[in-house]
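Report on the following structure.
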Number of protein chains: 2
Amino acid sequence: MNAADNVAFEFLRKRGLKITDGRKTIIREILAFGRPFEAEELLLNLGRGPERVSKATVYRTLKQLVEGGLVNQVFFGPAKQSYYDFSGGGAAHAHLADIQTGKIIEFTNPEITRLCEKISSRLGYHYVSHRFLILGRPATPETHR
Amino acid sequence: MNAADNVAFEFLRKRGLKITDGRKTIIREILAFGRPFEAEELLLNLGRGPERVSKATVYRTLKQLVEGGLVNQVFFGPAKQSYYDFSGGGAAHAHLADIQTGKIIEFTNPEITRLCEKISSRLGYHYVSHRFLILGRPATPETHR
DNA sequence: CTAGCTGCAAATTCTTTGCGGCTAA
DNA sequence: TTAGCCGCAAAGAATTTGCAGCTAG
């Protein structure tokens, strides 16, 4: 049993969900991505072959993964479509989107958590989690290489 | 001519758009909100009466306001639907969502801009803008009052 | 065995678009 | 006058759901 299946097994058991091939395949694929992804990307990779998983199952499973905290649902881009990313267990992270190419970069920064806690308490709240996206333009347009 | 119509007039003129009743009504309504809103809320308020504006015009105008920077398009909530808010000219602001009631609170904090700039440059980007949402739980559940 | 899953296709929801008539400049 | 708008209704895109058969536990 590999690492991804281990994550799947642990997660599904803890949540009282049945351990099915479809769910294991989806979780394995998400871990393999290693970056934020759209539901459709998952579908493209899983929509055929012997490990084929249907659209309905992909969406239903994503919802359960988000509810269980294994995956974060990130909202940005031209509305409509959601992005997701593996939460990795909880280390605070956020994203930077390259407004020229659309590329998404993930980063972590300890100041984010501090800032969230400070702002939350100032407004009378306990900090739970955050969604933070920076939009940026490449500092060095690859034109002089 | 009131303040809202002034904003509308300035914005539309600068962008080379015609100054129509529909657009003035929409901008007036957005300023009156004073908080983040959904397209549908705008439609509910504008969908009838003598100032009636059609759904198509609401969406078309929102798009132009976002392109022109008068309004920000914010993505959060249960996917699907976009939230918008009046940019107020550009002061960096962000939102805190009450995970118990769904209420959205807007706030500004100068550290956000500093942090965005620091992170962007560290990743090789110039900071353009951000979308920042904190999810929080009320610190004082109104139970002992 | 049976509660819970799955795939399929149809349904929903939010947003966009084509088009013919209207209007600000 | 005429480029740009508007409302309507139909089209699109992403996600959800009803249903009937399948399967993990």
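A, B, ... follow the sequence lines: proteins, then strands. Residue 1 opens every chain.
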Measure the distance from [atom1] on [X] to [atom2] on [N] and round it to the nearest whole Å.
X: A/Lys24; N: C/dT6; atom1: NZ; atom2: C1'; answer: 16 Å
X: A/Leu42; N: D/dA14; atom1: CG; atom2: C1'; answer: 15 Å
X: A/Leu43; N: D/dA13; atom1: CG; atom2: P; answer: 16 Å
X: B/Leu46; N: D/dC6; atom1: CG; atom2: P; answer: 13 Å
X: A/Lys63; N: D/dT15; atom1: NZ; atom2: C1'; answer: 9 Å
X: A/Lys55; N: C/dA10; atom1: NZ; atom2: C1'; answer: 11 Å
X: B/Glu67; N: C/dT15; atom1: CD; atom2: P; answer: 15 Å
X: A/Ile27; N: C/dC5; atom1: CD1; atom2: P; answer: 12 Å

Under 4.0 Å from any atom of DNA chain C, heavy atoms only: list the residues of residues 12-21 of chain A that qualify, in numerical order.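 DNA chain C contact set from residues 12-21 of chain A: A/Leu17, A/Lys18, A/Thr20.
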Would you say the side-chain atoms of A/Arg137 pair up with the backbone N or O of B/Val128, donor to acceptor, closer than 3.5 Å?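 Absent.
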With distance as the sole test, does B/Glu41 use its side chain to make a donor-acceptor pair with the main-chain N or O of B/Glu38 at under 3.5 Å? yes
Given the structure, check if the side chain of A/Arg60 and the base of C/dG7 hold any donor-acceptor pair shorter than 3.5 Å.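 Yes.
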Atom pair [atom1]/[atom2] of [X] and [Y] - distance to nearest 0.5 Å:
X: B/Lys24; Y: B/Leu12; atom1: NZ; atom2: CG; answer: 9.5 Å
X: A/Glu51; Y: A/Asn45; atom1: CD; atom2: CG; answer: 11.5 Å
X: A/Thr25; Y: A/Asp5; atom1: OG1; atom2: CG; answer: 8.5 Å

Report which part of the nucleic acid A/Arg23 touches: base, sugar-phosphate, or nothing (heavy-atom distance under 4.0 Å, all strands).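 It contacts sugar-phosphate atoms only.
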Salt bridge (charged side-chain N to carboxylate O under 4.0 Å, His left out) against A/Glu106, all qualifying residues, sequence neighbours excluded: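 Listed in chain order: nothing, the list is empty.
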Just to verify, what does A/Ser120 make a side chain to side chain contact (heavy atoms under 4.5 Å, CB included) with, not counting sequence neighbours? A/Tyr125, A/Tyr127, B/Leu96, B/Ile134
Name the closest nucleotide to the A/Tyr59 side chain, picking from D/dG7, D/dA14, C/dT15. D/dA14
Let me have the donor-acceptor pairs involving side chains of residues 56-70 of chain B, under 3.5 Å, with sequence neighbours excluded, atom names and distances please.
| from | atom 1 | to | atom 2 | distance (Å) |
| --- | --- | --- | --- | --- |
| B/Thr57 | OG1 | B/Ser54 | OG | 3.3 |
| B/Thr61 | OG1 | B/Thr57 | O | 2.8 |

Rounded to 10 degrees, the angle between the two terminal axes of the helix from C/dC1-D/dG25 to C/dA25-D/dT1, each from five pairs: 40°
Side-chain donor-acceptor distances from residues 109-119 of chain A under 3.5 Å, at least two apart:
| from | atom 1 | to | atom 2 | distance (Å) |
| --- | --- | --- | --- | --- |
| A/Asn109 | OD1 | A/Glu111 | N | 2.7 |
| A/Glu111 | OE2 | B/Lys118 | NZ | 2.4 |
| A/Lys118 | NZ | B/Glu111 | OE2 | 2.4 |

